[in-house]
Every structure is written in structure tokens, then in C-alpha cells.
Student: 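I have a structure I would like to understand better, so I am pasting it below and will then ask my questions one at a time.
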Amino acid sequence: MNVILFGPPGAGKGTQAVFIVDNYGIPQVSTGDLLRAAIKEQLPLGLKAKSIMDAGGLVPDDVVMGIVEERLAQSDCTSGFVLDGFPRTIAQADALNQLLTKMGKRIDCVVSLEIANSEIVQRISGRRTCSACGKGYHIRNAPPQREGVCDACGGSLRQRDDDSEAAVQNRLSVYDEQTSPLKEYYRSIGILKVVDGSAAILDIQKQIGDILEGCKCDHP
Ligand code: AMP
């Protein structure tokens with residue numbers, strides 16, 4: 001099953017992707033994570049992407065397509081994947097279609113997490129990530145046992161560079177202008193499923209579970 005988790009920054013795509021990975025045994029392919037890994041490893045494409053990401057802009061489509069193509073060719077993606085944070089432009093969606101057609105695959109379902117901008121800013125400002133293992137926390141909704149310290153590995157928690165208020169505002173405008181038109185793109189081909197992203201995490205998981213079960217029946 002090939003799924004796109006769609007929604008603005010802070011809608012909970014990362015959290016729900018973990019649920020899908022755990023329950024459906026397919027890997028999460030997050031372009032944001034792949035780009036952050038490239039920065040950490042100081043790869044040329046990471047260095048090119050860093051300043052754009054810190055300002056909340058979009059990394060060029062050709063750079064993103066290169067990393068997606070490489071990732072989807074890996075063996076763990078053979079029986080499916082959940083795309084998180086990709087595609088983000090119509091050009092990326094077209095390029096994804098072409099890539100999947102070449103691979104003899106297609107997207108089965110697009111789950112769109114919908115949430116108001118005011119709630120997004122509140123959520124993102126409390127977000128923290130372990131600098132060692134990448135585990136995510138929220139200072140109010142999912143705090144660590146010891147402030148600033150990862151429960152899983154003891155690493156120190158930090159705020160992402162692009163979670164500053166200015167960068168978040170920019171990411172939201174970029175989403176409204178360049179990414180949200182993709183909803184119509186996928187609605188028009190009948191594979192868009194809308195979920196209330198402001199509901200409780202377990203309710204959202206239940207809704208996503210129901211959608212994916214239906215999707216498995218449609219595309220066994
Ligand atoms: P995310 O972790 O999905 O919030 O992505 C963090 C940042 O990485 C974004 O604000 C962009 O700068 C960059 N990025 C991630 N995915 C894409 C994409 N599909 N296209 C362009 N830029 C991306």
C-alpha cells in the first residue's frame with residue numbers, strides 16, 4: 001500500500017506516520033528527515049538545502065526528487081511506503097506520478113490532516129526533538145520525564161531551526177500557496193481522504209486505520 005500523509009507543518013504527520021509504520025509494516029519516507037540527515041552528514045545537497053530550510057522555504061524540486069527516487073528504490077519500499085512531507089508542489093506530484101509509473105506502482109490513498117493555522121503555531125512552538133536519536137516531544141502535550149532530556153536515549157532535546165516563529169509563518173504561507181492546491185489535485189482523481197487533525201491522537205489513528213483498511217480493499 002502506497003500512502004501520502006498530507007497536511008500543513010505541525011498537523012501531526014510525523015506522529016501519525018509512526019502509527020502507520022507500526023501497524024502496516026511499511027516505512028515512513030519523510031523528505032524533511034532525509035534532508036536533515038543530509039545536513040547532519042554534511043553532504044553537498046544538505047549544505048545547499050540548509051539555509052532554505054532554516055528560512056522555511058522549499059528546497060528545489062529536482063533536489064527533492066533525487067532523494068525520493070533513491071529512497072523509493074530501496075528494498076524496504078517494495079511492498080509499500082508512507083510519504084510524509086512529499087509531494088509539496090504540483091511539479092513534485094507530477095514527477096512522483098512519472099516515477100511510480102516507471103516503477104509499475106501508484107499512490108493508493110492520500111490522507112489529509114486538516115487543522116487551523118492558530119493551532120499549528122501553538123503546536124510547533126512546543127515541539128522538541130532529541131539531537132541524538134530524533135525522538136519527538138512536545139513540552140505540553142508529550143513532555144519528556146526530565147526537562148530537556150530524551151527518555152529513550154538521554155540525548156539533549158532541541159528546537160528545530162525552522163520552528164522559530166518567523167520560519168513557521170513562512171512555512172504556512174508556502175503551504176497555502178504551493179502545497180494546498182495538491183488537495184484538489186488528489187481529490188479530482190478520487191483518492192483524497194480528509195481527517196480532522198485537531199482531534200485526539202487516538203481518534204485520528206482510528207480514522208486513519210479505517211481509511212487504510214478501506215484502501216486495502218479497494219487496492220488489494
Ligand atoms: P518537514 O520536516 O516536512 O516539515 O520539512 C522541513 C523542511 O524541509 C521544509 O520546510 C522544507 O524546507 C524542506 N522540505 C521537506 N520536504 C520538502 C519537499 N517535498 N519539497 C521541498 N522542500 C521540502
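For ligands, and for the atoms within them, numbers begin at 1 and follow the listed sequence. What you are looking at is a predicted structure, and each value in this text was computed from that prediction instead of being measured.
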Student: Hey, which atoms in ligand 1 end up nearer than 4.0 Å to a heavy atom of V64?
Tutor: 18 (C), 19 (N), 20 (N), 21 (C)
Student: Please determine whether salt bridge (Lys or Arg N to Asp or Glu O under 4.0 Å) holds for the pair R88 and D61, giving the CA-CA distance in whole Å, both sets of side-chain angles, and the decisive distance to 0.1 Å.
Tutor: CA-CA 9 Å; R88 262 177 155 100; D61 291 336; over 6 Å; no
Student: Can you name the one residue among V68, T31, L45 that meets side chain to side chain contact (heavy atoms under 4.5 Å, CB included) with V63?
Tutor: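 Only one of V68, T31, L45 forms a side chain to side chain contact (heavy atoms under 4.5 Å, CB included) with V63, namely L45.
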Student: Under 3.5 Å between any N/O of R36 and any N/O of ligand 1: does that happen in this structure?
Tutor: yes
Student: Checking contacts here: is it the side chain or the backbone of T89 that comes within 4.0 Å of ligand 1, counting heavy atoms only? Could be both or neither.
Tutor: neither
Student: Indicate, as side chain, backbone, both or neither, the part of D61 found under 4.0 angstrom from ligand 1 when only non-hydrogen atoms are considered.
Tutor: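 For D61, no heavy atom sits under 4.0 Å from ligand 1.
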Student: For a side-chain contact (heavy atoms from CB on, under 4.5 Å) check, start with the C-alpha distance between I107 and L96, then their side-chain angles and the critical distance, and finish with the verdict.
Tutor: CA-CA 9 Å; I107 295 298; L96 174 65; 4.1 Å; yes
Student: Heavy atoms, side chains only, cut-off 4.5 Å: are Q205 and L202 in contact?
Tutor: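 Touching, per the 4.5 Å side-chain cut-off.
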Student: Purely on distance, is any nitrogen or oxygen of G85 under 3.5 Å from one on ligand 1?
Tutor: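 For ligand 1, there is an N or O atom that lies under 3.5 Å from one belonging to G85.
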Student: How are the rings of F19 and Y24 set relative to one another: parallel (under 30°), tilted (30 to 60°) or perpendicular (over 60°)?
Tutor: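 Answer is perpendicular, since the angle exceeds 60°.
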Student: Salt bridge or not between R36 and D33? Use side-chain N to carboxylate O under 4.0 Å.
Tutor: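 A salt bridge is present here (some side-chain N lies under 4.0 Å from a carboxylate O).
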Student: Quick check: does V59 get an N/O under 3.5 Å from an N/O on ligand 1?
Tutor: yes
Student: For E114, which of K13, K183, K193 qualifies under salt bridge (charged side-chain N to carboxylate O under 4.0 Å, His left out)?
Tutor: K183
Student: Report whether L58 and L35 are members of the same hydrophobic cluster (ILVMFWY, side-chain heavy atoms less than 4.5 Å apart, transitive linking).
Tutor: no
Student: Give me the residue, atom name and distance of the protein heavy atom closest to atom 20 (N) of ligand 1.
Tutor: Q92 NE2, 2.9 Å
Student: Select the closest option to atom 9 (C) of ligand 1 among M65, R88, R160, judged by heavy-atom distance.
Tutor: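 Answer by nearest heavy atom: R88.
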Student: Among protein heavy atoms, which lies nearest atom 14 (N) of ligand 1, and at what distance?
Tutor: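 Here the closest protein heavy atom is L35 CD1, 3.5 Å.
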Student: How far is atom 16 (N) of ligand 1 from its nearest protein heavy atom, and which residue and atom is that?
Tutor: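 For atom 16 (N) of ligand 1, the nearest protein heavy atom comes out as T31 OG1, 2.7 Å.
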Student: Non-hydrogen atoms of K13 versus ligand 1: any pair closer than 4.0 Å?
Tutor: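 It does not, in that no heavy atom of K13 comes within the 4.0 Å cut-off of ligand 1.
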Student: Using a heavy-atom cut-off of under 4.0 Å, does the side chain or the backbone of Q178 touch ligand 1, or both, or neither?
Tutor: neither
Student: Tell me the nearest of G57, A91, G32 to atom 11 (C) of ligand 1, using heavy-atom distances.
Tutor: G57
Student: In the protein, which heavy atom is nearest to atom 8 (O) of ligand 1, and how far is it?
Tutor: M53 CE, 3.3 Å
Student: Quiz question: by atom type and distance under 3.5 Å, do the side chains of Y175 and N170 form a donor-acceptor pair?
Tutor: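 Note: Y175 and N170 side chains miss the donor-acceptor criterion.
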